[in-house]
Every structure is written in structure tokens, then in C-alpha cells.
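Worksheet for the structure shown next.
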Amino acid sequence: MADLANAPKPSSSVKLVLLGEAAVGKSSLVLRFVNNDFQENKEPTIGAAFLTQKCNLPTRTIKFEIWDTAGQERFASLAPMYYRNAQAALVVYDLTKPASLVKAKHWVAELQRQASPGIVIALVGNKLDLTNDESTSTATTASAENSSEGGAESNGADDSGDARKVSTDEAKTYADEEGLLFFETSAKTGHNVTEVFTAIANAIPETSLKSARGGAGGGGAGGGGNAAHGAGRSEEQRVNLNGPRDPNAKEGCAC
Amino acid sequence: MNDGDSPPSLSGSDLLPPPPLPPRRIVSSGGGGGGGGGGEAHLQVAPAQSKPTTAVTSIDISTLSFPDGSRGTFSTSGGGSGSGSGHGTPPNHRVSSDLAADSMSVMSFAATLRPPGDLASLITGEFNRKSPAWMLLRSQSASVPPFQGVRLDRVNGLAGFEREFDDIPEPAAQGAANDDGVRVALWKSKMKHYMILSSAGKPIYSRHGDLGLINSSMGVVQTIISFYEGAKDPLLGFTAGDARFVIATEGPLYFVAISRLGESDSQLRSQLDALYMQILSTLTLPTLKNIFIHRPSTDLRKPLEGTESLLSSLADSFTMGSPSALLGALECLRLRKSQRHSINNAFLKMRSDKLLYGLIVAGGKLVSVIRPRKHSLHPSDLQLIFNMLFESGGIKSGGGENWIPLCLPAFNNSGYLYMYVSFFDTDNPENPSSTEPPPPPPPIQEQPPPPGSLDDNDDQIAIILISPDKESFYDLKDMRDKVAQQLTKTGSLAIIHAAAKLGRPQVSSIAPGAQISHFLYKSRANVQFCMPSLEPAFGGGGHGPEKLVARRKLMSLYHQLHASMHARHSHLKVLHCVGEDAASLAWITPVFEFYCVAGPNISRAVMTQGANKIIQWAKREEERLFIIGGGVF
């Protein structure tokens with residue numbers, strides 16, 4: 001259909017789900033990524049929010065279809081609905097709350113057990129702005145090994161005004177064991193946020209994009225509807241064309 | 001003594017053409033006036049009264065002029081005569097709930113200085129406008145807007161109301177010894193409290209103060225309630241000082257409202273009921289029951305986690321005064337009939353198979369509803385949805401589309417429905433797709449808007465699609481995109497935008513010349529209401545505390561009127577009250593409920609005339625103001 005050279009880069013949709021305990025900053029991460037905005041004291045998400053954002057890679061464009069789920073316990077039973085068919089998951093914990101890492105590990109286990117095989121999972125420790133290692137935190141990227149930060153830091157942190165309770169090492173070790181991407185971020189400052197999504201986009205294998213699009217396409221059809229540009233969307237549009245017929249037929253029946 | 005000054009009477013047909021309000025039969029200005037009672041209770045005038053009565057409605061109510069110049073209004077239900085004469089109340093006396101619960105249903109409040117009434121028109125000329133004499137006279141003029149006196153803040157007990165919604169500060173880190181004392185004092189200064197606790201005494205929610213601060217108060221409340229529970233004589237309410245306590249027990253939960261704002265018991269009770277509905281909406285009734293059957297000492301805060309802001313925004317809208325909650329009715333966006341029709345049709349045409357209810361809402365005002373023939377939507381359910389969408393920030397601020405499981409208790413309290421919500425992009429109405437291109441960052445909110453805002457220019461438009469199928473998100477999203485496309489194409493979206501931006505009309509444009517400052521009109525059949533803009537009379541000059549207080553004064557007056565009209569056994573049809581700072585009129589027929597407020601010096605004749613104009617307007621505009629039936633499939 002489209003020439004790679006001249007036409008817009010091939011774009012594909014990726015379904016991504018955010019999971020994690022309440023109040024770790026899932027919505028704030030998304031808000032930072034999608035709108036480059038931050039709200040103090042954001043009110044809790046109810047149910048789930050659905051947002052989209054494009055991520056431009058050198059060879060292609062990834063359109064993230066993001067499911068930002070509510071972290072409260074009572075919504076946990078709905079989670080499978082959101083991670084089913086997801087190609088990527090962002091499991092978020094609050095690095096000032098050790099319990100939230102425990103919860104994150106539960107989510108990772110559940111994803112590995114129940115989600116589609118080959119799902120790309122990123123473990124994200126949020127609220128880095130509450131720690132006092134932000135000056136050095138440029139090193140705290142996916143590949144960085146912060147050997148300087150020992151496990152002792154979680155104990156001795158308080159007197160220095162550092163709220164960190166989960167050491168980078170601890171989380172990083174766990175992420176490596178489970179084969180997860182790992183980042184520490186601050187949705188407040190924006191630190192590392194885009195990097196998370198870019199890394200996920202890069203980690204998704206080309207092959208899964210093709211096959212997965214068919215799967216997600218049926219559901220995600222008509223996402224933008226009217227905007228329609230690029231050959232990559234023709235498939236979705238075809239689905240869209242079928243759409244209006246049904247309601248019309250229904251209307252005929254009702255009258 | 002102004003004996004001769006019988007109220008500028010409705011029956012005085014020589015002065016003005018008799019306004020059709022109120023509906024009445026034979027009125028004899030001099031006598032008891034109960035003659036035409038037609039089988040209903042007859043008027044009984046207390047023998048001590050030397051002055052004749054003037055019937056307002058010959059059937060239900062009559063007004064007395066007392067020798068001291070005040071007036072009393074009686075219901076004519078039997079047995080009321082004895083107490084009636086005792087209730088010529090001083091100015092600014094509040095209708096307290098215990099009085100309302102008495103057989104005595106209603107009283108009217110008279111200024112000590114009689115207003116010159118219709119004479120006011122003689123002095124409204126341009127001349128002498130600035131002379132001191134004029135200024136003196138002006139204070140007696142009928143055109144004085146309501147609530148002008150500054151000192152009335154004190155009288156009405158609204159001093160400090162502007163700080164009602166401020167947070168009680170967190171305890172200081174290593175706080176001084178008296179820090180808690182200060183915080184408790186702050187807590188006590190709030191005029192309205194809502195508390196929810198379990199029957200085992202576990203605190204669940206309190207509007208003000210962290211639970212640590214008020215734990216002991218919660219304990220006292222629990223002890224008092226359970227004492228009466230134990231005696232099989234549940235406590236419903238009590239008064240302490242100027243605060244009214246009302247208690248509602250719902251299964252394993254106690255709901256307590258503490259108010260110094262003068263609401264009636266039944267009004268407070270319905271507010272508590274709304275909080276209960278919010279909890280059910282989160283948990284469903286079977287879940288709530290199960291939780292407490294298995295473990296009566298469960299801490300319900302965990303399952304309700306994240307909904308505190310919904311409870312608080314609901315509570316705050318009551319504290320600010322919500323016409324919608326008071327009347328148990330919804331407000332609609334005023335649109336031409338043909339426009340609403342075409343929106344309904346577009347909505348129906350694009351309907352997804354999975355849809356149960358579809359709504360389009362602009363700034364808390366209903367634009368369009370589609371529903372199955374056999375199911376209607378209950379106002380209390382919609383109140384919960386509107387509260388979630390427009391009063392609390394959780395949904396709005398996130399951007400994107402939302403998929404929310406919720407229980408609509410009045411529809412079915414045992415299961416969840418799934419609600420798709422998407423806000424149309426207000427900045428760019430021509431391109432309502434929120435998915436592509438990504439919307440520009442929303443304006444950063446400096447401060448959360450005041451709760452329960454009645455701002456006229458709140459023009460955010462949301463589409464709400466409700467389905468019983470939890471997997472139907474993409475179907476409904478698809479439907480939304482099609483509806484948005486259609487509405488954009490036909491220009492309906494722009495019309496909705498314009499109508500929402502226009503806000504509510506001012507009284508002066510509804511009934512030119514009427515000296516009414518504000519009104520509420522509820523269409524009883526449609527369970528919907530309409531009201532004019534709060535500006536200019538209750539705007540208090542823009543935003544901020546004045547506006548908050550001005551609005552609360554108005555709403556308190558409406559609450560009093562409403563309480564009087566709906567007091568048990570009162571069977572009132574019409575009520576006219578004159579106070580030192582405002583005059584008000586309430587009128588209930590099988591078709592509508594009407595409440596209006598004007599300056600204190602307005603004569604009753606002028607007021608009824610104005611009321612009639614407004615009611616005629618509402619009748620004329622009925623299909624614009626209200627959604628009648630909606631789209632049914």
C-alpha cells in the first residue's frame with residue numbers, strides 16, 4: 001500500500017494497560033505523557049480511563065491506546081478486561097511506599113499468568129521527586145546500575161529528608177529477574193516519563209504489532225473516526241464503514 | 001396600629017385586575033373567608049382576633065392582620081385555630097423544624113415597618129434622586145433587592161459561611177499543645193457536618209476534620225444512637241443549641257447530619273439518603289450487606305476508598321444549597337423543541353445495541369436522554385452521575401474517555417451498570433473527537449472550583465452512555481464517535497455549546513417589569529425544574545465569598561419555603577412570607593411547584609402578578625425548558 005520512503009511511517013496501535021496500587025501516580029504518569037501536564041492532589045480515577053497518544057520511533061509510529069485503571073481494591077476484578085489482549089503493561093509502584101511494590105509484584109505475577117504471552121511489562125517506581133537523589137537521578141535510567149545506592153538507604157533515608165523507602169537496587173534486581181523493563185520516574189517533574197513509553201514502544205516486537213493489530217483492531221475500531229490519514233488506518237476505516245449500517249438497520253426495525 | 005391598612009389585598013378588585021394567583025373561589029374580604037371551602041376544612045378564626053382576615057385561598061389558607069401590624073397565616077386544618085394566633089412571629093424568626101412538625105403549618109414574617117407597598121410606584125420618579133429624603137424613602141421602596149442589610153449576616157447566622165469549605169489544616173508536625181484545640185475549634189465552627197459510621201461504631205466518613213481529630217465525637221454520636229437503638233426507639237433527631245442533628249439508620253450504617261443552616265428534618269434526611277445512595281452506587285446493596293454480615297466490625301473505608309471526594313462534593317452541594325436536591329428534580333438545558341428533537345433523533349439513530357441509557361449533559365444540565373420504553377431514569381441516580389462528572393474533579397481532570405462501573409440504586413440496587421463518559425472538547429467544538437489529534441492540554445486549574453457551583457457559564461458537554469454489559473466499551477465508544485460526528489455535521493453541537501454558554505436567563509428577560517429577584521419552577525410531571533440566573537441579585541458582585549453567602553441566603557429562604565409547604569399535614573397551596581430582608585412566595589398546584597423571592601417591600605399584589613408572568617412563561621416555554629418524554633426506543 002504505502003511506500004515506506006515517502007508515505008507517513010507505518011503506524012500501529014498498541015494496547016497498553018497501567019496497573020498498580022491506588023495513589024501511586026498512574027493517572028499522573030499518563031497525564032504527563034499525553035498532555036504534558038501535572039495536577040497536584042489529583043482525585044482518584046474511578047473505573048478506568050482510556051486515552052491515546054502517539055509515540056514516534058525512527059522507523060514507525062506507535063499509537064498507544066492506554067487503559068489507565070483505578071487502583072482501588074474493589075476494581076481489581078475488572079482488571080482482566082483491561083489487560084486482555086494488551087501488548088504492554090506498565091506496573092507502577094510508589095517508591096516511598098514499600099507496600100506498593102509488593103502490590104506491583106502481584107500484578108506482575110498475574111500478568112505473567114493470565115495476560116497474553118509476550119506482553120511487554122515495565123516496572124515503574126514513581127514519585128522520584130520526593131527523594132533527594134534527583135540530581136543524580138539522570139543515571140537512574142533503564143540501563144543504569146546505581147551501585148552507590150545500597151539497601152541501607154531505605155532505613156537511613158528519613159533524616160536526610162529523603163522519602164524513598166524502596167531502593168533502586170531492590171526493584172531493579174526484581175525487574176531483572178522477571179525480565180521487566182525498569183524505570184524510576186517523576187510524573188511531577190516529567191523525569192523519565194516519555195522514556196518509559198519510548199522504551200516500551202521499542203521493546204514491542206515488529207511481528208506482534210501485525211498480529212496484534214488484528215486482534216485489537218476489532219475492538220479499537222473507529223478510535224479517531226474522522227481524522228483518517230495514512231494508509232495504516234485504512235483497515236480501521238473499513239471496519240468503521242460497517243458500523244453505521246447496523247444502527248440504521250436497527251432503526252428500521254424500531255420504526 | 002395600622003388597622004385600616006389591611007394587606008393590599010388580592011381581593012381588592014378595584015385596584016388591580018385580579019391576578020389569577022391563587023386559584024380561589026369566593027373571597028370575602030371582610031369575613032372569615034372560608035365560605036367556599038367546598039367540603040374541605042373551614043377556617044376558624046381565633047376569637048381573640050379583632051381584625052378581619054383576608055383569605056388568600058378560601059380553601060386552605062388565610063392571612064390575619066394582627067393589631068401590632070404583623071400578619072399571620074393559618075392553615076385551616078382543624079385544630080389549628082388555637083395555636084394560630086400565637087404565631088405572629090417576630091421578624092427574622094426562622095421556621096424551626098419543631099414548629100413545622102406541629103399542627104401549625106406556616107407563618108408569615110412581617111417587617112416591623114410596614115412597606116408602603118404599591119405607594120412605592122409614586123416615588124420611583126427621577127427627581128430628587130439624591131436627596132437624603134430620597135435615600136430614606138428609597139429604603140422603603142418596593143424595588144429594594146432582597147438581602148441588602150449587611151448586619152443580616154449575623155442575624156442569619158451565616159457569618160463565616162465563606163470559610164465553610166476550607167480544609168481544616170493538617171496537624172503541625174510536632175504541634176504545639178494547643179494545636180489540636182485550634183483545630184477542634186475550627187471543626188466546631190463549621191455550620192454543616194455529615195458523618196457516616198457503622199453500627200459497630202467504626203467511623204467511615206466525615207466531611208470535616210480527619211478521623212483522628214473527631215474520633216471522640218464519633219464515639220459520642222455512636223453511643224447516643226445505639227442507646228436509643230437498644231431501647232427499640234430509634235433516635236431520629238435532636239437539637240443542641242442552634243444545631244439540628246438528624247440521624248438516619250440504613251442497615252448497618254448510621255448517617256448523621258448536623259446543621260446550623262436551618263434546614264428541616266426531612267430535607268436533611270433526604271441529603272443523608274443521597275449519601276447513602278452514593279455508597280450503594282459504589283458497592284451495591286448485596287455487597288454492603290455481605291460485608292457486614294460476615295464481619296460487623298469491618299472498616300468500610302477500605303472498600304469505599306477513593307470515593308470520599310464524591311461524598312464530599314455531594315455534601316458540599318447540599319451545604320451550598322442545591323435547588324436540584326431540594327426539589328428532587330433535574331435541570332435541563334433550554335433548547336428549541338426542534339433542536340432537541342434533532343439531537344434526540346441523531347442520538348437514537350446511532351444507538352448501539354448494548355445501550356441502556358444515553359445522555360447528553362452540558363454543565364450539569366440535561367440536553368438529551370434516550371432510554372428503553374420500559375425503563376425511566378430516576379432523578380436521584382442522575383444526581384449521583386452529575387455529581388461524579390461535574391462536581392468532583394475525578395473524571396473531568398483526567399482527560400480521555402472513561403469506563404466506570406457503577407450501581408444506580410434507584411434503578412437497581414443489586415448490580416452494576418457500566419458507564420461510558422466522554423467530554424466534548426470545549427475549546428474546539430468543531431472537532432469533537434478527543435482521540436485524534438490529541439487534545440491540547442486542558443487549562444490548569446489553579447484551585448478546584450467551588451463545590452456545587454451554580455455558575456451559569458459552565459459549558460462542558462459530556463456524553464454518557466450506560467450499558468449493562470461490561471465488555472461494551474468499544475461499542476459505546478464507537479457510538480459516541482458517530483453521534484459526535486452527526487451532531488457536528490448538523491450543527492447541533494454548536495447549538496448546545498451556544499445554549500450552555502448563554503447560561504440561564506435573567507428574570508428581567510423572562511418577565512419584564514416583574515420585581516421578582518429569583519425563582520424556582522418545578523414541573524412535577526417531568527420531575528424537572530428551571531430557574532433564572534443568580535445574577536444580578538445574588539451574584540454578590542462576581543465570585544468569591546460574597547457570592548457564596550448571597551447564594552446560601554437565597555437557598556436558605558427556599559429551604560424554609562419548601563419546608564413550610566411540605567410540612568406534614570399542612571396541605572398548603574400558597575404561602576406568602578414577608579421578612580425584614582426579603583419577601584417570598586410559594587405556590588403548589590398539581591402541575592408545578594413555584595417558589596420566588598423579591599425585595600422586602602414588594603406588595604403581595606405585585607408579587608403575585610410577577611409570579612403569574614413567570615408561570616405563564618414557563619407554560620409557554622415548557623417544551624424548551626423541559627425534556628418531555630425524551631427519546632424512547
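So you know, we letter chains A, B, ... as the sequences are listed, proteins then strands, and number each from 1. Predicted model only: the values in this text are computed from it and were never measured.
Looking at A/Ala22, only its side chain comes within 4.5 Å of chain B, counting heavy atoms on both sides. At a 4.5 Å heavy-atom cutoff, B/Leu406 makes no contact with chain A through either its backbone or its side chain. Within the 4.5 angstrom heavy-atom criterion, no atom of B/Met479 approaches chain A. Of the two parts of A/Leu78, only the side chain, counted from C-beta on, holds a non-hydrogen atom closer than 4.5 Å to a non-hydrogen atom of chain B. Of the atoms belonging to B/Thr287, not a single heavy atom falls under 4.5 Å from chain A.
A salt bridge links A/Arg84 with B/Glu471: the closest approach of a Lys/Arg side-chain nitrogen to an acidic carboxylate oxygen falls below 4.0 angstrom.
Taking the ring pair (Phe, Tyr, Trp, His ring centres under 6.0 Å) definition, one finds that A/Tyr83 meets it with nothing, sequence neighbours left out.
A donor-acceptor contact closer than 3.5 angstrom is absent between the side chains of B/Thr284 and B/Ser414.
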Go through the steps to decide whether B/Glu401 and B/Lys477 satisfy the test salt bridge (charged side-chain N to carboxylate O under 4.0 Å, His left out), and finish with yes or no.
-> CA-CA 8 Å; B/Glu401 295 147 275; B/Lys477 177 180 164 53; 2.9 Å; yes

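Heavy-atom contacts from other residues, nucleotides or ligands closer than 6.0 Å to NE2 of B/His375 number more than 12.
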